[in-house]
Amino acid sequence: MSTLRLVISGRVQGVGYRAWMADQAQALGLSGWVRNRSDGTVEALVAGDDDAVAELLRASRLGPRLAVVTEIVEELAEPPELPGFRSLPTI
């Protein structure tokens with residue numbers, strides 16, 4: 001099991017990135033959350049099988065069709081308290 005906190009930079013807001021990531025994470029059976037940040041980045045906490053987390057990270061470098069990802073900062077994190085994957089409000 002892996003848990004990562006991701007901060008994704010680039011053109012990642014207003015292009016459906018948050019909804020896209022939630023769909024991808026749910027399809028991979030991951031737990032966690034994704035949210036927009038007021039600084040224009042997207043932040044996510046993803047937890048689950050090592051291979052599934054790695055696959056989401058690979059896919060996140062491209063994102064949905066209109067996204068342009070310039071950087072993903074990743075750090076190890078504690079697993080989420082709740083099961084499932086959800087989209088949170090902007091902070």
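In what follows, residues are counted from 1 in the order of the sequence shown. Side-chain atoms are counted along with the backbone in the values below, which use heavy atoms only and exclude waters and symmetry mates.
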Give the C-alpha distance, both sets of side-chain angles, the deciding distance and a yes or no for side-chain contact (heavy atoms from CB on, under 4.5 Å) between R18 and T90.
CA-CA 10 Å; R18 186 171 41 166; T90 301; 4.1 Å; yes

Is there a donor-acceptor contact under 3.5 Å from the side chain of [X] to the main chain of [Y]?
{"X": "Y17", "Y": "N36", "value": "no"}
{"X": "Q26", "Y": "F85", "value": "yes"}
{"X": "Q13", "Y": "R37", "value": "yes"}

How long is the straight-line distance from [atom2] of [Y] back to [atom1] of [X], given to the nearest 0.5 Å?
{"X": "I72", "Y": "T41", "atom1": "CD1", "atom2": "OG1", "value": "11.5 Å"}
{"X": "L57", "Y": "Q24", "atom1": "CG", "atom2": "CD", "value": "12.5 Å"}
{"X": "I91", "Y": "S38", "atom1": "CD1", "atom2": "OG", "value": "7.0 Å"}
{"X": "L45", "Y": "L6", "atom1": "CG", "atom2": "CG", "value": "8.5 Å"}
{"X": "D51", "Y": "S2", "atom1": "CG", "atom2": "OG", "value": "8.5 Å"}

Residues forming a salt bridge (charged side-chain N to carboxylate O under 4.0 Å, His left out) with R5, sequence neighbours excluded
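Only E43, E75 meet the salt bridge (charged side-chain N to carboxylate O under 4.0 Å, His left out) criterion with R5.
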
Over-ring placement of R35 relative to W33, 6.0 Å and 45° cut-offs
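Here R35 passes the 6.0 Å and 45° test against W33.
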
Using a 4.5 Å cut-off on heavy atoms from C-beta on, say whether the side chain of L28 contacts that of E55.
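A side-chain contact exists here, since the closest heavy-atom pair is under 4.5 Å.
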
Side chains of V53 and L4: does their closest heavy-atom pair fall under 4.5 Å?
yes

Identify whether the distance between the nearest side-chain nitrogen and carboxylate oxygen of R61 and E74 falls below 4.0 Å.
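Looking at E74 together with R61, the answer is yes, because their closest N to O distance falls below 4.0 Å.
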
Under 6.0 Å from the CG atom of L76, do we count more than 12 heavy atoms belonging to anything else shown?
no

